[in-house]
Amino acid sequence: MPFIVLTVPHACMLEAGVRPWSGKGAFVRIGSVKRSERVAVIGVGILGASVGWNLSRHGAKVVFIDAGQPGEGVTNWSFSWVNASNKTARKSYFDLNVAGMTAYRELAGTIGPNSWWYPSGHLRWTDDPAAEAKLLETAGLLAGWGYRVEVCTGAEARRRLEPALTMPGEVPVVFYPDEAWVHGRHLVGRLVGQAVASGAEHRFGTAVCDIGTGADGSIRTVALSDGSCLDVDIVVNAAGPSASHVAGLIARHLPMRREPGVVTRIGCAQVPVHRVMHAPHIEIRPDGDASVVLHSREIDALIDTGEDPAELARLLHESARHVVPELGNSRILQTRVADRPIPADGFPSVGAVPSVPGYYEAVSHSGITLGPVIGRLLASEILSGKRDERLADFRPERFTP
């Protein structure tokens, strides 16, 4: 069974309500923010780094604040898969993720792709008949939305794409050629480095203890755990799993899900896979030249049973060896259980909170896919005061009592 293409040309991705980005023309008018005002970005994962980079390159005074080091929190312990194929619950959410994929390609052209950008596509198959039917149904839906999809057999996938895999020769395999993975920590480092070169400041290894407001309720100060207090005019809450706590500092209730996930890195003398894949019971992707990242929602379900993370890592490794036998000689390097930053309804919370002038949120699961586009859209909103329609369904005020 040869590859079956279920799509229209790639250019349609830009026609699904996604406007191309023009680095020169996007922020030509600066309305609500004076260049002398100072923006505190709290949390320097992919979302915070993207917002701060976009602000600083257009003249805003930015100070990055993180209790740890940039990119070493959830961003570094994400599966880091750039996609819209898993975002079909709401068309506006799908469109936003497609915009995120477009933004990545443009970002790679702007800052260079070296060490962080891997647009090698994504493979998905299953060993469950009901799940297989759903997989093919979703592929058809995505093709109808202008998303590039190809379907082949296991034998064809091994021959053309991933010879190290073991899978039934006739199993349907869905290939999404425009998807990618990113090295999140490297990307965050690149963005923060460029922002600092443009004049941004940083306070790493320092937590936010309080956010002060003026008589009119607007943002005035940020107090840090080292005893310092920063005069600021704007706060961007990009604190990931701690976003609810940061919101609470201004007496805002931001409901979040508790949904921990476990990710394991394994070391290989030679990485035997070339792209992201969702195989039966296990998710696998390369992680540079000498390691592979593993994740599984089935294994995530064992976290709350009290299972030792070392045992979770062993289970992930065992599942991966069934799919990629060459991983049998690999060794477990690192394992981390991390809380995902997911607002209560599962969708991003992005934009201004009108009741607190100067306070903005950038909180989302799928932060890896959405980082560059949210960074761009939110920076534009902060700089111009204009609200982009692509964020209409994801405004923070939906959580206002």
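Reckoned from all heavy atoms, side chains included, excluding hydrogens, waters and symmetry mates. It should be emphasised that the depicted structure is a prediction, and the values quoted were computed from it without experimental measurement.
For R297 and E259, the salt-bridge test passes: some basic side-chain N is under 4.0 Å from an acidic carboxylate O. Between R148 and D178, at least one side-chain N (NZ, or NE/NH1/NH2) sits under 4.0 Å from a carboxylate O, which counts as a salt bridge.
Remark: side-chain polar atoms of S228 are not paired, donor with acceptor, to backbone N or O of L224 under 3.5 angstrom. For the pair K87 (side chain) and N83 (backbone), a donor-acceptor distance under 3.5 Å is present. With S330 contributing its side chain and I266 its backbone, the two residues share no donor-acceptor pair below 3.5 Å. In this structure, the side chain of R203 does not engage the main chain of F64 through any donor-acceptor pair within 3.5 Å. A distance-only check finds no donor-acceptor pair linking the side chain of R275 to the backbone of E162 [under 3.5 Å]. Judged by distance alone, with hydrogens and angles left aside, the side-chain atoms of S384 form a donor-acceptor pair with the main-chain N or O of S380 at under 3.5 Å. A donor-acceptor pair under 3.5 Å links the side-chain atoms of T305 to the main chain of L302, judged by distance alone. With D128 contributing its side chain and A131 its backbone, the two residues share a donor-acceptor pair below 3.5 Å. In this structure, the side chain of S56 does not engage the main chain of A200 through any donor-acceptor pair within 3.5 Å. Distance alone, capped at 3.5 Å, places no donor-acceptor pair between the D300 side chain and the I303 backbone.
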>> Quick one, R321 with E326, criterion salt bridge (Lys or Arg N to Asp or Glu O under 4.0 Å). Give me CA distance, side-chain angles, the key distance, then yes/no.
In response: CA-CA 7 Å; R321 291 167 57 186; E326 289 181 40; over 6 Å; no
> Could you walk me through whether V363 and I342 pass the side-chain contact (heavy atoms from CB on, under 4.5 Å) check?
Replying inline: CA-CA 7 Å; V363 184; I342 310 178; over 6 Å; no
>> Under the criterion side-chain hydrogen bond (donor to acceptor under 3.5 Å, both in side chains), I'd like the reasoning laid out for S296 against H281: C-alpha separation, chi angles, the key distance, then a yes or no.
In response: CA-CA 6 Å; S296 167; H281 318 296; over 6 Å; no
> Between H186 and N114, does a side-chain hydrogen bond (donor to acceptor under 3.5 Å, both in side chains) hold up when you go through it step by step?
Replying inline: CA-CA 9 Å; H186 288 180; N114 296 342; over 6 Å; no
>> Working note: R387 + E397, criterion salt bridge (Lys or Arg N to Asp or Glu O under 4.0 Å); need CA distance, chi angles, decisive distance, verdict.
In response: CA-CA 13 Å; R387 294 158 62 105; E397 52 259 47; 2.9 Å; yes
> What's the verdict on side-chain contact (heavy atoms from CB on, under 4.5 Å) for V235 and V222, showing C-alpha distance, side-chain angles and the deciding distance?
Replying inline: CA-CA 8 Å; V235 159; V222 172; 3.7 Å; yes
>> Assess the residue pair L96 and L391 against the criterion (side-chain contact (heavy atoms from CB on, under 4.5 Å)); give the C-alpha distance rounded to whole Å, side-chain angles, the decisive distance to 0.1 Å, and a yes or no.
In response: CA-CA 8 Å; L96 185 64; L391 296 177; 4.2 Å; yes
> Are R124 and E179 close enough, and set up right, to give a salt bridge (Lys or Arg N to Asp or Glu O under 4.0 Å), and what steps lead you there?
Replying inline: CA-CA 12 Å; R124 191 166 202 145; E179 296 182 355; over 6 Å; no
> salt bridge (Lys or Arg N to Asp or Glu O under 4.0 Å) between E381 and K386: does it pass, once the steps are laid out?
Replying inline: CA-CA 5 Å; E381 180 176 328; K386 295 181 179 178; over 6 Å; no
> Between L230 and T221, does a side-chain contact (heavy atoms from CB on, under 4.5 Å) hold up when you go through it step by step?
Replying inline: CA-CA 5 Å; L230 307 178; T221 60; over 6 Å; no
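Here the shortest heavy-atom pairing between G240 and M256 reads O-CE, 3.6 Å. Closest non-hydrogen pair, Q69 versus D66, comes out as N-OD1, 4.1 Å. Heavy atoms only, all atoms of each residue included: V292 and L294 are closest at CG1-CD2, 3.9 Å. The shortest non-hydrogen separation linking V337 to P260 is CG1-CB, 4.1 Å. In this structure, S85 and Y147 approach most closely via the heavy-atom pair N-OH, 3.5 Å. Closest heavy-atom contact between N76 and G71: CB-O, 3.1 Å.
Considering CG of N86 and OG1 of T369, their distance stands at 9.5 Å, rounded to 0.5 Å. Put simply, CG on L161 and SG on C152 are 6.5 Å apart, with the number rounded to the nearest 0.5 Å. Of the inter-residue distances, the one linking I42 atom CD1 with H245 atom NE2 reads 9.5 Å to the nearest 0.5 angstrom. Atom CZ in R265 sits 9.0 Å away from atom CG in L333 (nearest 0.5 Å). Of the inter-residue distances, the one linking H295 atom NE2 with I284 atom CD1 reads 13.0 Å to the nearest 0.5 angstrom. If you take CH2 on W125 and CG on L136, they are separated by 14.5 Å, rounding to the nearest 0.5 Å.
Using a 4.5 Å cut-off on side-chain heavy atoms (C-beta onward), R331 and H317 make no contact. For the pair L191/I111, a side-chain contact is recorded, criterion being any heavy-atom separation below 4.5 Å from C-beta on. In this structure the side chain of V39 never reaches within 4.5 angstrom of the side chain of K61, judged on heavy atoms. Contact of the R160 side chain with the F175 side chain is not registered, since no non-hydrogen atoms from C-beta on lie closer than 4.5 Å. Side-chain atoms of Q334 and W77, non-hydrogen and from C-beta on, do get closer than 4.5 Å to each other. Proximity of L370 to P348: side-chain heavy atoms (C-beta onward) are separated by under 4.5 Å at one or more points. S115 places a side-chain heavy atom less than 4.5 Å from the side chain of R190. Taking the side chain as every heavy atom from C-beta outward, I282 and V323 approach each other to under 4.5 Å.
Under 3.5 Å, the side chains of S225 and T206 contain no donor-acceptor pair of N or O atoms. Counted by atom type alone, S80 and H183 present zero donor-acceptor pairs between their side chains at under 3.5 Å. A side-chain N or O of D393 and one of S92 form a donor-acceptor pair less than 3.5 Å apart. Under the 3.5 Å distance criterion, with hydrogens and angles disregarded, a donor-acceptor pair is assigned to the side chains of S218 and R220. A donor-acceptor contact under 3.5 angstrom links the side chains of E361 and S349, judged on distance only. In the model, S366 has a side-chain atom that pairs as donor or acceptor with a side-chain atom of Y93 under 3.5 Å.
Counting heavy-atom neighbours within 6.0 Å of D226 CG, excluding the residue itself, gives a total above 12.
With F347 as the aromatic partner, R90 meets the cation-pi criteria of under 6.0 angstrom to the ring centre and within 45 degrees of the ring axis. For the pair R376 and W53, the cation-pi criterion (under 6.0 Å, within 45° of the ring axis) is not fulfilled.
In this structure H122 satisfies the ring pair (Phe, Tyr, Trp, His ring centres under 6.0 Å) test together with W81, Y176, H278, sequence neighbours excluded.
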